Each structure stands twice: as structure tokens, then as C-alpha cells.
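A short write-up of the structure that comes next.
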Amino acid sequence: AFERPEVEGARLTFGTTGNLRYSDLVMWDRQTETWWQQFTGTAIVGELTGTQLTILPTALVSWAKARAAHPDAPVLSRDTGFDRPYGRNPYVGYDDEARAPFLYDGDVGPQLPAMARIAGVILGDDEAARAYAFRDLAEQRVANDRLGGEPLVVIWQPGTASALDAEALAESRDVGATGVFRRTLTTGDGPQTLTFEATPDGLRDVETGSTWTLFGAAIAGPLAGQQLDRVAHHDVFWFVWSAFQPAGDLWTP
């Protein structure tokens, strides 16, 4: 997700070019016909080449988790005026780790299968980049880390279905969801760097025993009502990270 900038007084609107680069979608804006890379948000062809869109922190989660956390949020309607099989997956089995990526012939780091899911974090104009494998996060449930001098926490929780497994999304396997946040919280007592641990019911910090959600919100304990600063991250496949962040490292539990 990105902010749509204004260019010469016009707010850019985007569509898909129908092209792939490193098997990653290439967008275009209708105002200048510039082409943009989906993963990076960078203009790669046209009038705005080199321009960088501002990425917004987002989480790919189940509807149940989204509704529980934000019951008043609007949701995209299926009443679009078009007859489409919403909720069906046209790419059945795409994320099978035994398969090769579609239309990708670039290098893939040897640490993980090409189709392994990772949460990728990039800080400071690509100066600090690290991938967190879903398989490792699923075992640990939480990663207390430091990247580019920033204390971060990466959270994984079950309960989100793959959009690329079964034909009916509701029948797909559970791949979980991730959230990334800064661990330093500023309260009336000043800044405090928290350490997180998984519990049978979710997540808590060691320092105060407060309970936290996948969305970085404290819902019980001394810090109830506090919100961790969100960090933009990418829920992608390992081959995508290998293509766009080959210098980025892989977190080891």
C-alpha cells in the first residue's frame, strides 16, 4: 500500500500494465503513463522514473482478525456491478514450496525454497534489510530484533488462510499473519524498550506483563491503550526478496 502523490496538481491514479518484472506486477499511473514496480513503489519507466512512492504499513490478515480489531472500519463491497467469482483463487497451488515461481528466472538465495513466505523489513533507504521466514516465526511466534539500530518486534499469529492454495479461499491452509513494530514505547515515564514473548493467548511484554495484539495494540495490563509504532513490511515469497533485496540478510532464531 502506498500514498498516491500529486503531480502538477493531479492526484495519481493507478492501474496494472499487464506486465511482470522479476515476476512482480508493474503498475502504471494514468496521469503521466509512468510505469511503477509494485514491490518497491519506484517509477522505472517514463516521466517520473526514479520517483519513490511512500509505503504505508499494512498487514495481510483474516477478515475475522480485521473485524475484531477494527469493528467500525469500512470493507470493500462485493456489489461491484460485475459478475465475478470473488473469494475464488485462479492460481490453485501457486504457493506450493515444491513449485518454481511463475515466469521468474533470476537468482534465489539458497537459504530457503523460492516459494517460502517471508516478512521483509527495509529501513533507511535500503541500508538495513532483513527477512523473517514464516516457518521460523511460526515456531517462535515473536522475534525481538534490532535492525539498523532500531529495536523491532516481528509478530506471527495463526488464523489467516493462504490466498493462493485451494480454489476456495476459505478451504486454503493456514499460513498465519505477521506484524512489525518498533519496540520502544514513549509514555509519561519516558521511552521504554520492551521485550515480547508469546503466550497461549497471544502476546505480552516481559517488562509490564501487558497483553498485546497482532496489530501492536495493548489491550490489558499497565500499558492498556498504548499503540506501538507500525513499521512497513512486505509479506512476500523468498524469490521476490532475493530479486529486490539480494543484500538483505535472513533472521536466525
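Numbers for residues simply follow the sequence, beginning at 1. Remember, predicted model here, so these are calculated numbers, not experimental data.
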Task: Donor-acceptor side-chain pairing of Thr80 and Tyr86 below 3.5 angstrom - done: yes
TODO: Show your reasoning for whether side-chain contact (heavy atoms from CB on, under 4.5 Å) applies to Asp201 and Thr211.
DONE: CA-CA 9 Å; Asp201 299 324; Thr211 302; over 6 Å; no
- [ ] Compute the centroid of each ring, for His234 and then for Phe244, and state whether the two points are separated by less than 6.0 Å.
- [x] no
Open item on the list: Is it the case that the side chains of Gln192 and Thr184 hold a donor-acceptor pair, with the cut-off being a distance below 3.5 Å and no angle test?
Closed with: no
Open item on the list: Side chains of Thr213 and Leu203, heavy atoms from C-beta outward: is any pair under 4.5 Å?
Closed with: no
Open item on the list: In the structure I gave you, are the side-chain heavy atoms of Thr51 and Thr42 within less than 4.5 Å of one another anywhere?
Closed with: no
Open item on the list: On a heavy-atom basis, which atom in Ala168 and which in Arg88 lie closest, and how many Å separate them?
Closed with: CB-NH1, 3.6 Å
TODO: Give the ring-plane orientation class for Tyr132 versus Trp251, where under 30° counts as parallel, over 60° as perpendicular and anything between as tilted.
DONE: tilted
- [ ] Tell me whether Phe239 is reachable from Leu250 by hopping between hydrophobic residues (I, L, V, M, F, W, Y) whose side-chain heavy atoms are closer than 4.5 Å.
- [x] yes
- [ ] Evaluate side-chain contact (heavy atoms from CB on, under 4.5 Å) for Asp24 paired with Gln38, printing each intermediate quantity in order.
- [x] CA-CA 7 Å; Asp24 182 63; Gln38 175 184 250; 3.2 Å; yes
Open item on the list: Could you tell me if the side chain of Ser210 sits less than 4.5 Å from the side chain of Gln226, heavy atoms only?
Closed with: no
- [ ] Have a look at Trp156 and tell me which of Thr178, Val175, Val142 forms a side-chain contact (heavy atoms from CB on, under 4.5 Å) with it.
- [x] Thr178
TODO: Evaluate the side-chain proximity of Ser242 to Gln111: yes if any heavy-atom separation is below 4.5 Å, no if none is.
DONE: no
Task: Which atom of Ser23 lies closest to which atom of Tyr104, heavy atoms considered - done: CB-CB, 3.9 Å
TODO: For residues His233 and Gly179, report the shortest heavy-atom separation together with the two atoms involved.
DONE: CE1-CA, 4.2 Å
Task: Carboxylate-amine/guanidinium contact Arg183 Glu207, below 4.0 Å - done: no
TODO: Give a yes or no on whether the backbone of Ala119 and the side-chain of Asp235 come within a donor-acceptor separation of less than 3.5 Å.
DONE: no
Task: In one Ile/Leu/Val/Met/Phe/Trp/Tyr side-chain cluster, 4.5 Å: Phe237, Ile122 - done: yes
Open item on the list: Is there a continuous path of hydrophobic side-chain contacts, each under 4.5 Å between heavy atoms, that joins Ile118 to Met115?
Closed with: yes
Open item on the list: Counting neighbours of CZ on Arg173 that are heavy atoms of other residues, nucleotides or ligands and sit closer than 6.0 Å, is the number greater than 12?
Closed with: yes
Open item on the list: For a 4.5 angstrom cut-off between non-hydrogen side-chain atoms, does Phe134 reach Asp136?
Closed with: no
TODO: Working to the nearest 0.5 Å, report the span between CZ of Arg84 and CZ of Arg78.
DONE: 14.5 Å
Task: Heavy-atom pair with the smallest gap, counting every atom of Gly93 and Arg99 - done: O-NH1, 3.0 Å
TODO: Determine whether Phe39 and Trp28 fall in the same hydrophobic cluster, where Ile, Leu, Val, Met, Phe, Trp and Tyr are linked whenever their side-chain heavy atoms lie under 4.5 Å apart.
DONE: no
TODO: Check step by step if side-chain contact (heavy atoms from CB on, under 4.5 Å) holds for Thr34 and Val7.
DONE: CA-CA 12 Å; Thr34 298; Val7 176; over 6 Å; no
Task: Residue pair Gln140 / Ala198: nearest heavy atoms and the distance that separates them - done: O-CB, 4.2 Å
Open item on the list: Surrounding CZ of Phe2 (heavy atoms of other residues, nucleotides or ligands, distance under 6.0 Å), is the total greater than 12?
Closed with: yes
TODO: State which residue, out of Val26, Leu48, Asp29, fulfils the side-chain contact (heavy atoms from CB on, under 4.5 Å) condition with Trp35.
DONE: Val26
Open item on the list: Within the 4.5 Å heavy-atom criterion, are Thr160 and Lys65 side-chain neighbours or not?
Closed with: yes
Open item on the list: Do the side chains of Asp145 and Arg130 get close enough for a salt bridge, i.e. N-O under 4.0 angstrom?
Closed with: yes
Open item on the list: Can you tell me how the ring of Trp212 sits relative to the ring of Phe196, calling it parallel under 30°, perpendicular over 60° and tilted otherwise?
Closed with: perpendicular
Open item on the list: Nearest 0.5 Å, please: how far is CD in Glu3 from OG1 in Thr54?
Closed with: 5.0 Å
Open item on the list: Could you check whether atom CD of Glu33 has more than 12 heavy atoms from other residues, nucleotides or ligands sitting under 6.0 Å from it?
Closed with: no
Open item on the list: Quick check for you: to the nearest 0.5 Å, what is the distance between Thr58 atom OG1 and Ile55 atom CD1?
Closed with: 6.5 Å
- [ ] State whether the number of non-hydrogen atoms from other residues, nucleotides or ligands found under 6.0 Å of Tyr91 atom OH is greater than 12.
- [x] no
Open item on the list: Is it true that Gln157 and Arg141 share a donor-acceptor pair across their side chains at a distance under 3.5 Å?
Closed with: no
TODO: Would you kindly confirm whether Val108 and Leu164 end up in one hydrophobic cluster when ILVMFWY residues are joined by side chain heavy atoms under 4.5 Å apart?
DONE: yes
TODO: For Ala43 and Trp36, work out which heavy atoms get closest and say how close.
DONE: N-CE3, 3.4 Å
Open item on the list: So if I apply the side-chain contact (heavy atoms from CB on, under 4.5 Å) rule between Leu152 and each of Leu123, Leu228, Asn144, which one comes out positive?
Closed with: Leu123
